[in-house]
Amino acid sequence: MKAFHHRLALAIALAPSAAALADEARTPLELESNVISASALSSSPNDMVSPAAVLQGDQLMLRREATLGETLDGLPGVHSSSFGAGASRPVIRGLDGARVRVLSDGVDALDASTISPDHAVSLEPMLVERIEVLKGPATLLYGGGAIGGVVNVIDKKVPTYIPEKGYEGEVELRANSVANEGAGAFGLTAGAGQFAMRVEGVKRQDDAYEIPGAGGEPRSSKQTGSYNDTDTATLGGSWIGDRGYLGLAYTQQNNRYGLLAHEHADCHVHDPRDWHCASHDDEGHDDDHDEDHDHEDAEGGVPYIDMEQRRWDLRGEYREPLPGFELGRLRVGHSDYEHREIEGGETSTTFRNDATDARLELTHAPLLGWRGVLGGQTLRRDFQALGEEAYVPPTLTRNHGLFLLEEYRVGDWRYELGLRHEWQDIDAEGQRGASHRGTSASAGAVWSFAPEYSLGLTLSRSQRLPTAEELYANGPHAATRTVELGDPELEEETSHNAELSLRKHTGRIQFSLSLYRNQVNDFIYAADTGRDIGGGMREIQYSQDDAVLTGAEGEVSYRFTAATQASLFGDHVRGKLRDGGDLPRIPADRLGVRLDQRLAPSLAGQLEFYRVQRQDEVAAYESETGGYNMLGASLTYDGRLQNTDYQVYLKGSNLLDSVGRNHSSFIKDEVVLPGRNLTLGLRLVF
């Protein structure tokens, strides 16, 4: 709300009189400066050597959806893996899974979302204060494997300050038309002296969403099984002193959502690598069960996931912890995660992930003009898959890393150097263990060659270590309709990335443009072997080959008046194997326009249109997807009632009721995106 009032005061001060507009034409406008905590050196996006984006305030409120992937979808360079209403990870520059790190204030989400696209990210968007997106591999503080980028989710679960009036909080209620959604969230922070407490929670219930009618016909049905029920609760507390804080929070999340396009097959193995499958229709499957998914589950209809995560977060910061050091930061996350895949009313497969991620950072005082951060990180992951689809044996992964990031400023230049070394050991039940080592380095510079402009160049070499799934998978996976075969002999993959970015961050015209080329040696990917093994299942083999990803992305905005701004945005990425052929599920090109209009001091509107192009650059045995148009609009009204600020918002999406298929999704051929939707919400801040 503070950010909103700052912008509102600016709009009123520049009231649309002729004299004011004339003055505005001569005076540069400067956007609000955001500090990115994931940069470690608390840099703003304009100082970063590689592109970064921050979602917060009104922008986050209007973009927020039920999943993290859908919330971020639409940012330049960011798409969504889109596996129904309950599971969706961000896809950055055509890369997803383990190549995109999803963090909760610096530590891993500690769920099972990197294992399969039908597994949900366990971070709740309605409890988020800010989302930071760092693109490209120059993010060595969080793992050399993050060659796509990093998504850092900032929340309030561990208080970092005592509220000025002793308490503060927020309440939000929302509903939509496409899935008959009902959702509510609340948060309350209270404190006195040196102690503060935080309690927050979310309850969401979405029915199966409506899909557009085909060929201009009226809307025909709902997307079977696309429901999503979630409840989350957190209790946290902190000790807060003059030089820092130390706090602990406990979060429990329960999530139940349908598995779209999930077709079970009876598979049998004749020898350790020779699988054969036969089709099997789930008993009781009936597309008419959409109206009441509780009834649907009881009758054993569409399969669904029942997930529970219990998570502890320990966070602390302390200024001047040691001589020569300005700040120490501690982050520890521990998660007990389990989800059951229910078919025909019975548990078919159980996934468990008992994991701990810890990191310590120390920011040293300037030394010979260099200021930087050094630290270490350790991750322990005990993973089990039990039941019909236990295609990965129980594994214990230990990953450790040491990192260093340094910056040097002189005149109009900012230089950045990064170095990380990590080592990983994986023990697999009944298999030979695997050990890998990786070293990553990056160098970049930002030149502020004019008061309003900056030019950035980044060069990096990053190594990603194979995951347990890529090494040891051996069995059927119904979500992707494949039998997955791992390879214990896989080696580290090495990425060489070059990126050039140009930004203009003040003035009537502002823009951010980026060009990049990412050459990955020994790229690990799931290659379709061409073998149809029956039951609608195909065989994929985790293999290595050299790959190249090239792309461009950007956004340009022009402010006509203090109340009117237009923007043009888009992205393009191509992923190819060096020896010929395309990488699978690379997002289609996207180009759009947006108009932001202040209609009154308390009323703002936005209109957005974008085109997703046809994707016909496809991998072997992969289908093409057609292009489609998306139209959205929103209105927000801000007011104050006694000591409470409130916002009422109305958001429309897919107003043209277009039929769209997300090329990044494993289930694009069977599942279309939601149809026309209206969302009405109310947010109170006190």
Side-chain angles (χ1 to χ4, degrees), residues 80-89 91 96-97 112-120 223-226 257-270 273-285 287 300-305 339-344 347-349 351 385 387-392 469-470 472-486 525-543 582-586 615 618-625 661-673:
S80 165
S81 62
S82 184
F83 208 99
S88 180
R89 279 182 59 91
V91 177
D96 60 357
S113 62
T114 60
I115 299 167
S116 175
D118 63 322
H119 297 174
Q223 186 68 62
T224 302
S226 60
Y257 57 92
L259 286 173
L260 279 66
H262 187 101
E263 291 188 5
H264 184 76
D266 292 321
C267 296
H268 304 279
V269 60
H270 296 284
R273 311 289 286 182
D274 185 16
W275 287 85
H276 296 273
C277 301
S279 62
H280 170 75
D281 293 328
D282 293 314
E283 296 181 1
H285 179 77
D287 289 349
V302 176
Y304 66 96
I305 281 181
H339 84 241
R340 298 178 299 127
E341 298 188 356
I342 313 296
E343 298 184 41
T347 300
S348 63
T349 311
F351 291 86
E388 294 181 4
E389 291 183 35
Y391 62 96
V392 181
E469 298 75 42
E470 294 166 337
Y472 299 114
N474 184 24
H477 190 187
T480 57
R481 298 184 182 179
T482 59
V483 167
E484 298 188 13
L485 302 179
Y525 69 106
D528 193 316
T529 65
R531 181 186 176 206
D532 185 347
I533 57 177
M537 308 283 279
R538 297 191 66 84
E539 181 183 78
I540 60 173
Q541 170 73 59
Y542 284 103
S543 306
D582 296 287
L583 292 177
R585 294 177 300 283
I586 296 297
Q615 179 57 290
V618 297
Y621 309 105
E622 183 185 17
S623 60
E624 300 179 1
T625 49
R661 298 183 185 273
N662 181 2
H663 193 81
S664 300
S665 174
F666 273 89
I667 55 176
K668 62 182 182 295
D669 296 326
E670 295 80 22
V671 176
V672 299
L673 299 176

Side-chain heavy-atom pair Ile305, His119 within 4.5 angstrom cut-off: yes
Qualifying residues under side chain to side chain donor-acceptor pair (under 3.5 Å), relative to Thr114, sequence neighbours excluded: none
For Arg585, all residues meeting side-chain contact (heavy atoms from CB on, under 4.5 Å), sequence neighbours excluded: Glu622, Phe666
All side-chain contact (heavy atoms from CB on, under 4.5 Å) counterparts of Ser80, not counting sequence neighbours: Glu70, Asp73, Ser82, Ser88, Asn662
Set of residues satisfying side chain to side chain donor-acceptor pair (under 3.5 Å) with respect to Thr529, sequence neighbours excluded: Glu539
Non-neighbouring partners of Asp582 that pass salt bridge (charged side-chain N to carboxylate O under 4.0 Å, His left out), sequence neighbours left out: Lys576
Any residue meeting salt bridge (charged side-chain N to carboxylate O under 4.0 Å, His left out) with Arg661, in chain and number order, not counting sequence neighbours: none
Closest non-hydrogen atom pair, Ala385 against Val392: CB-O, 3.9 Å
Distance-minimising heavy-atom pair for Tyr257 and Ala120: OH-N, 3.1 Å
Non-hydrogen atoms of Ser113 and Arg89 that approach each other most closely: OG-NH1, 2.8 Å
Partners passing salt bridge (charged side-chain N to carboxylate O under 4.0 Å, His left out) against Asp528 (at least two apart in sequence or in another chain): Arg538
Salt bridge (charged side-chain N to carboxylate O under 4.0 Å, His left out) involving Glu484 - partner list, sequence neighbours excluded: none
Distance in Å, Thr480 OG1 paired with Phe83 CZ, rounded so as to fall on 0.5 Å steps: 7.5 Å
For Gln615, side chain to side chain donor-acceptor pair (under 3.5 Å) partners two or more places apart: none
Check: Ser226 side chain, Ala85 main-chain N or O, donor-acceptor pair, under 3.5 Å: no
side-chain contact (heavy atoms from CB on, under 4.5 Å) between Leu260 and Glu670, intermediate numbers included: CA-CA 8 Å; Leu260 279 66; Glu670 295 80 22; over 6 Å; no
With sequence neighbours excluded, residues passing ring pair (Phe, Tyr, Trp, His ring centres under 6.0 Å) with His663: none
Inter-residue atom distance Lys668.NZ - Glu624.CD, 0.5 Å rounding: 10.5 Å
Flag side-chain contact, heavy atom, 4.5 Å: Ile115 against Tyr391: yes
Side chains of Ser81 and Asp96, donor plus acceptor under 3.5 Å: no
Within-4.5 Å side-chain heavy-atom neighbours: Thr349 and His477: no
Nearest-0.5 Å distance that lies between atom OG in Ser116 and atom CD in Glu469: 9.5 Å
Side chain to side chain donor-acceptor pair (under 3.5 Å) against Ser664, all qualifying residues, sequence neighbours excluded: none
Straight-line distance of Asp669 CG to Arg481 CZ, nearest 0.5 Å: 8.5 Å
Under 3.5 Å donor-acceptor, Gln541 side chain and Leu485 backbone: yes
Partner set under ring pair (Phe, Tyr, Trp, His ring centres under 6.0 Å) for Tyr472, not counting sequence neighbours: none
